[in-house]
Each structure stands twice: as C-alpha cells, then as structure tokens.
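Predicted model only: the values in this text are computed from it and were never measured. Numbers restart at 1 for each chain; the letters A, B, ... are given by sequence-line order, proteins then strands.
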Amino acid sequence: MIDKNISSCAEAVADIKDGDTVMIGGFGEAGSPIELIHALIDQGAKNLTVINNNTGSGRVGLAALIENEQVAKMICSYPRTANSLVFPELYRNNKIELELVPQGTLAERIRAGGAGVPAFYTKTSVGTPLAKGKEIRNFEGEDYVMERGLKADFALIKAKRADRYGNLIFNKTARNFAPIMAMAATNTLVQVNQTVSLGEIDPEHVVTPGIFVNRIIEVTNPQQESQLVKSGVVYPPMRTKVGE
Amino acid sequence: MIDKNISSCAEAVADIKDGDTVMIGGFGEAGSPIELIHALIDQGAKNLTVINNNTGSGRVGLAALIENEQVAKMICSYPRTANSLVFPELYRNNKIELELVPQGTLAERIRAGGAGVPAFYTKTSVGTPLAKGKEIRNFEGEDYVMERGLKADFALIKAKRADRYGNLIFNKTARNFAPIMAMAATNTLVQVNQTVSLGEIDPEHVVTPGIFVNRIIEVTNPQQESQLVKSGVVYPPMRTKVGE
Amino acid sequence: MNQLADNTNKTNVEQQLGWNREQMAQRCAQDIEDGSYVNLGIGIPEKVAQYVPEGREVIYHTENGLLGMGNTPNDDELDVDLINAGKKPVTAIPGASYFHHGDSFAMIRGNHIDVCVLGAMQVSAQGDLANWSTGAVDAIPAVGGAMDLVAGVKTIYIITQHTTKSGDAKILPECTFPLTGKGVVSRIYSNLAVIDITAKGLLLTELAPGVTFDYVQSRTAVELINTL
Amino acid sequence: MNQLADNTNKTNVEQQLGWNREQMAQRCAQDIEDGSYVNLGIGIPEKVAQYVPEGREVIYHTENGLLGMGNTPNDDELDVDLINAGKKPVTAIPGASYFHHGDSFAMIRGNHIDVCVLGAMQVSAQGDLANWSTGAVDAIPAVGGAMDLVAGVKTIYIITQHTTKSGDAKILPECTFPLTGKGVVSRIYSNLAVIDITAKGLLLTELAPGVTFDYVQSRTAVELINTL
C-alpha cells in the first residue's frame, strides 16, 4: 500500500542531516513552504547548502533558517529583496557562501539534475563574469557555457492538492520551482493545502506525478510570509538576534 | 488580434519546402496527425528529414509520406512495427537514410532543441554502437555521451483542444512527443479535434502554451490509422505502388 | 558465438525444462516490492504484473507517457489514444498521470523508476545486456526505449529462456551481439534458475523444480557460483 | 568610467530633457507588434504594457511561470500566489497558462519570446549590456533572469535615461560594469532619442522633442550616425 501522507512537518524533516543539500521551492513568498522550513529550524540541521531563487525576507521562513546559521551556502539567482535583512549581513561578514546563478540556468540545472543529465550547454552568461572558470564551447559558430545538473538530498515544496500517491497540482505562479525540485531531490517533502482521494485529480491535470514525491503533509491554512514580515514576526519566536 | 486558426490542412502545410526538417507527433497511431500528413503528401515537398518515433504503418499517414518518396532521412527510435511495410523496403534498397536514436535520447534532444540547449550529456547508449563517433565524457566517475539538440522547420502534431492563442490540451497517451516537438519547431502546425473560446481551457491545465503554436486546424473527426490499415486504404487513393 | 557442445535436437526439450513463461513471470513478480515504480518490457515481462503478490501496491510506468497503467481494457473501454509502449490498448488506474515523452524519459534517465523487467538475447558475466539487435547486416535496426531504460532505471531484471532456440548459451563471458548497456543487469530469471550478477561473479540463488546446478552450469558459458 | 566633460550640476535638468518616463515607455510601446510575446523588466519597462496601441493584441510573459499576464489586480482580486517577476500582484487574462520555471526559461532560452524590454546601466557600441551589477566590492550580487532574457529573447529593447544621475554617459565604446550579455541590444529608447545598434554603428533614428542631434552626441561616448 502506498500512502505518502505523514502526520507532521517535524516528522517530514526529521532525517535531514548536517551538510545536506536542500532545495526549497518558492519565488519570493509564492510557493514558499514556510511550515516545513520552520520545522527544519526546530530540527536544527546545520551546514546546509540551500537552493532557492532568493534568500527569504524578514525574519521568518528561509530568512530565519539563514539567520539561525543553519545554511553554509546559498545557490540562488537573486539574494536581495526589499525585505531581505538577514542574508546581506551574514554575506558581508563572510559567514555564508553564495553561488550566484542566472535564474534560467538555475532552473535548467535543477531540471537537468532531475532528468539524469549531468551537464548541458547554454548561451546564458557567455561573456559575463558568471561564466568565469566554466567551459566555453562553440556550436555552429555560437559560444555556449557548460553548466552542471543540480541534485539535492531533500526538496521542501508547497502544493495546492495531493493524493496519497503524491500526485500534485499547484496554485497559479506558486508552481514556479516546485515541479523541477521534486524531480531533482532524493527525498521530496511536500506541504499541501488539501489532500484528496485517488482519482480526484484528473490524470490529465497532474503537474507533478507521484513518483517524484516522498512525503506529504497537509497544512490546511499555511502562514503567509508577507503577513508575518509585516507583523514583525520572528521565527523561532523567542529569538531576538542571531546567536542569542 | 491573435487568431492562429486557419481553414484547411492544405493551407497549414503550404510553405513546407524541399529539404525541410519536419517533426511529426505520435507514438504509433496515438497522436499521429494523419490529416496534416496527407496534406503534406498532396503538397509534395521532397527530400525531407522526418523526425518521429516510428516510420508509420500500412500505406497511410507517415508510411504513405515515405512511400511517396518525400523523405530522404528518418530520425527515429523504432522503424519497425507489425504493419511497417514501406520503410524496410526503401531502407534495404538504400533509398532512405536512417538515424537511429534511443527513444529517451530522441525525446531529450527534441526538448533540448526547443529549450535553447545545443548539447547535453546522457548515460544512455554509452558502451553501445549508438555511441560510436560521439564524444564520451566522464563526470564523477561515470561515462556519458554528448548528444545534440534537435530543431525542425515544422512540427505536425495533433491535440484534443485549442483556443485561438494556440493553447493545447491532449488526450491520454496521444500527448507523447507533441508538446516537445511544438517547442522545437520554427512553425508548429496543430490539428485539433475541437477549437474552443479563450478561457475555456483552465490556465492550470494547459499542456502546451500558445507561444509554441503557429497554426491550428480543426479536424473534428480525424481518421484512425489502424482502421485505415485494416481496411487496406492507400494514400493517395489512386496509387497502387511507389512511383506509379 | 558460444555454441554449447551437445545442442543437437535438444532445443525444444531444453526450453520446456524448469519454469514455463508464466512461472518465470510469477517468480520475478515475487521480487517486485510494495510501493515500487515498475516498467515492464514487451513479451514475458508484461506478464509480471498479473503475478505480483496480493497486498502489494505497484505503480506501472509506460514510457509513452503514463504512470499508473492498469489492465487491458474491455472492448467497450478501448481508446486508441490510451496505449502502452508495445502500442497495445491499456487502462489508467485512479491516481494515474499523463505526461509528454520528455518528462517520461526524465523519470527513466533520472533514476526515478525502481525496477525494469526486460527480455534478453545475451547477458554477460559483467551484467552487460544485448537485447535489441543481432547485428545482422540486413536487419532494420530498432532500439526503442531499451537503452534509456537500462541506463536509467535503478534495478534491471531479465526474464529469458536460459538458452537460445538452437541451444546456444545466452549467458556469456562477453556478449557477441551489439550491447544495449554495459554492466546494467542485476538478476536473471531464466526457465532454469535465478542468477544474481554481482562483483564476485554470477550467483545461482535458486533452481527451478527438477533442475540441477550442474545442468544449469552446462547450459551457461560462464562459471556459476552455487549459493544453495 | 567615461565622464562627460561638463556634467557639473546639470544632472536634474538633463534627465528632465526630452521624454519623461511615461513617454519613453509610450515610445517603446509603438514598436511592440500585434501578436508578439513580450517580457517586460521591472521599472519603466513595466509601463510599456499600458501604452501599446489599441487594436494590437500582445501576450505578456513573466518568467516566474505565467504567459498571459494581465493588469494589476483590484484589492478584492489579490492572490499572493499570482505575482510577476518583480514579485508584485498581477492577474491572468483569459487564454493564459501557468508552467514551472524549467518550462518558463525554456521559452526564454529557446528563442520563443519576441521582445524583452529592460533597463540598463550601460550599453556598448556593440550592443553589450550591463544592467545587473556595478561590480562594487561590497555589493550583494544579484542577477535574476536578466542574463537568460538577453541571451534568449529574439529582440532586446532598452529603456534608459541617456546619462547617469551624475551625468556620465551610459552609451559607451565598451561597458565598464560587468556584462549581462554581449552583443544583445537591438535598440535604445532614452529620454533624448531612439538609437538602433547595427553592424554599421549606432544609428540615431529619432529625437525627442526639443533635443538636437548634437546635444545627444555630446551626451554619448560613442559616435552616432544621424539618419534623420
């Protein structure tokens, strides 16, 4: 019997280890699996490499994970946002490593990792500092840069609906990186707004087939990052500053 | 105003030129755009390179296009089927070239062509005759073969439903190669069972976004290849043998 | 070609020894674990699905774009647009999903499918598989998805007659036919025995009823290690 | 840095000459053809959408996974899950589609988007673009989708003030800031002029009202070809 539902976010993230690579879905707050991230903060795994388009905002979610000094390295395309407080400070103090990747190259590297492609060529970044040190190769008179597939030990993503096989559908632009991260991770953990019975998701509409999903946690009313930031919420609640 | 609907298959294929590369959707008869192929036979463009998983069956559709000696080269994974009569004879007589590609490599090459990736690495075919002459490269102790993206001048595909922007949905396993071929061709021609108004296809359910589609032809009751083969139908009807 | 010494007129008898086609499929099915994602090749491998022990839930993948393939349809359920990789009509179970060929082979190439069961022309001592071409000059070469499956699926099981129709060994020091993949096979279910391909060599782990180790060894062009 | 000779205290006056931000967007919008697929960068480029001439149907792509982006929503339509690449709330038009980041950048990288309008820090005579980093040592580098867009979209339009706030030329023989892409820009819409980047050189094809060719040339560190 296949039933990927589990009972808590804590159980979902229990076996993430120090040094693991963790992909986290979301583009800004859309699709950010904030309850799973908070469970990972409670769990405490350190020295993580985290892959996300951004670095979070305020002092909740991904930003809080970074503030809690669990992240040794970020792989992302845009580590600055209006409310990004945590990452810039740690970065300037050399307390966190950054691998800056163009957004489309990041997406394709993740998709390649999930599709069993160890490397591919792209025109993106040719002639720029982000191609430095990378192999350049000419095909039909055009230069391309070789980029490597990205895999992860875990992916933490958010979806709208799941069945017990792990078939997923998403809500609007909250889909973003989740389907490709689900493919690229050994263990894909999904918080969903709603779990449904087998057959309730039309096979034609499935976005992420269950084969790419390992654990499902129903979080009926997920918190909204922007609301938390606006309210000045800090996670975990007792902390006022890094290290205290 | 964007309206990709046109009035006939003949109009759709009118500008296919001698020597063009044409991707044709379908896996066996599922998804085979038989009316578009027959229009291409009527149109008569020669010396085509055709990309399809197979080589058709009987003497209709793709097999008829081949029998009509319009195809100089086939790129496919499986040129034999139970009712494949035409290709084997031409192949044995050196009248048609074959590039044999593993099915998954074929799919990924098409996807790469559509995604702006000129080349990628895959483990598929390493150590086999199909890797001969190709670059082998080692990543993390494993050998991979370099494969090139595939593009086409035209793609001929079949879908279930389209709106005037060209958004497509498909029927079951008739989806197969169509979405990636739509991405990889300069001109994607689609025969659909039904055209609908904008908004009738849920944006969450669109499989092929309209940006990948150029022309739509409604063919309400498409012919079924297996029925035609069973009935001994030959296209064009007057022909009894190649060249007559 | 590795020709066995005494193969004259033994063919039919030999292929009828031990397990028949159904029993080979049945034996293989015992090793398909609950919750696995499985791709079954055309022919005997297809039969594995009907013998998976009750209580195990297995999801079948067909590379033409369906996860959750069900049984053969009744005539009234037939849909020419719902077929398997062998181009035969199938059904979809509740909880199935459709996807395009790019995504389907991403599942395969990306190591997401747990088990693939295939037939074989030849298997080498190192687990090399030849199952797509005899290399004959006049043959129309056709590979389909076989090379992708053996390169990408986590575990490859082979179901095959132990020898060819003319009595030639199919388990050889090296394949003489063009390869499908190198070092890809984990286990062979033949009509005579179950054989594991390991770094230590070929381990015979099970004999079909009425078959002896020596007999299997005499039909195999590689030294077997008897674990019984 | 290419410093213009007489830039002292001219800054604000200079940036107010010719077209204002709305007018630059409006001018650019005239060149967005009916039926095009368009990606608009953050800032002034976003404004282009509201000025596309009536009767033209244009489909807007946002790289975070939406084709068919509509207007800014009313408060009662707000959905935190429906945003653009600038992370602002948007709507979806009838005929829109959602897709994941892999597919979204396949559209970009695969040359499927017709036009992308972006801002610029510097543009070179060869159409090199610098718009993501000043190269300052203490800055947090952030590139987003800019490099993918300039590498993959068929036509790149730039909307920019002709000079920097301090009066430095932004159109230069070579960019001094780190590049976003080499030889990617087709046309510049500045507050002073419309300039095409061609193999023959920089063609000034249009002047903002009240601006002379000589004035534009004096604000440009590359020789311009006057086509008027």
Give a yes-or-no answer on whether the side chains of C:K170 and C:T160 include a donor-acceptor pair shorter than 3.5 Å.
-> yes

Would you say the side-chain atoms of C:Q122 pair up with the backbone N or O of C:F177, donor to acceptor, closer than 3.5 Å?
-> yes

Given that the side chain runs from C-beta out, which part of C:F105 has a heavy atom under 4.5 Å from chain B: side chain, backbone, both or neither?
-> side chain

Would you mind telling me which of C:P178, C:G144, C:G102 has the largest number of heavy-atom pairs within less than 4.5 Å of chain B?
-> C:G144

So, C:K47 and C:E22, do they make that salt bridge, N to O below 4.0 Å?
-> yes

Option that, when pairs with chain C are counted at under 4.5 Å, heavy atom only, ranks first among B:A30, B:A112, B:A107, B:P102 | B:P102

Is any side-chain heavy atom of B:L168 less than 4.5 Å from a side-chain heavy atom of B:V213?
-> yes

Side chain, backbone, both or neither: which part of C:N84 has an atom under 4.5 Å from a heavy atom of chain B?
-> backbone

Side-chain heavy atoms of B:V190 within contact of B:I217, under 4.5 Å | no

Quick one: do C:R187 and C:D31 make a salt bridge, cutoff under 4.0 Å?
-> yes

Part of B:V207 lying under 4.5 Å from any heavy atom of chain C = neither

Any donor and acceptor pair, going by atom type alone, linking the side chain of C:S36 with main-chain N or O of C:V38 inside 3.5 Å?
-> no

Measuring heavy-atom distances to chain C, does B:L106 have an atom under 4.5 Å in its side chain, in its backbone, in both, or in neither?
-> neither

Region of C:I108 that comes under 4.5 Å of a non-hydrogen atom in chain B = neither

Region of B:F170 in contact with chain C, defined by heavy-atom distances below 4.5 Å = neither

Any idea which of C:A85, C:A96, C:A130 has the most non-hydrogen atom pairs under 4.5 angstrom with chain B?
-> C:A85

In terms of heavy-atom pairs under 4.5 Å with chain C, which of B:T128, B:T173, B:N53, B:T122 leads?
-> B:T173

Flag the one option from C:D138, C:L66, C:D79, C:T62 with the top tally of heavy-atom pairs under 4.5 Å to chain B.
-> C:D79

Where does C:T180 contact chain B at under 4.5 Å (heavy atoms): side chain, backbone, both or neither?
-> backbone

Tell me, out of B:D143, B:N54, B:I110, who's got the most heavy-atom pairs with chain C below 4.5 Å.
-> B:N54

Top contributor to chain B interface from C:G152, C:G145, C:A151, C:P141 [non-hydrogen pairs under 4.5 Å] | C:P141

Taking 4.0 angstrom as the limit, do B:E35 and B:K158 come out as a salt bridge?
-> no

For the ring pair B:F177 and B:F27, is the centre-to-centre distance below 6.0 Å?
-> no

Does any heavy atom of chain C fall under 4.5 Å from the side chain of B:E108, the backbone, both, or neither of them?
-> both

Greatest number of non-hydrogen atom pairs under 4.5 angstrom with chain C, of B:G26, B:C76, B:P88, falls to B:P88

Should B:M74 and B:V71 count as side-chain neighbours, where that means a heavy-atom distance under 4.5 Å?
-> yes

Looking at B:R92, B:R111, B:E225, which one has more heavy-atom pairs under 4.5 Å with chain C than the rest?
-> B:R92

Cationic N near anionic O, under 4.0 Å, B:K172 to C:D81 = no

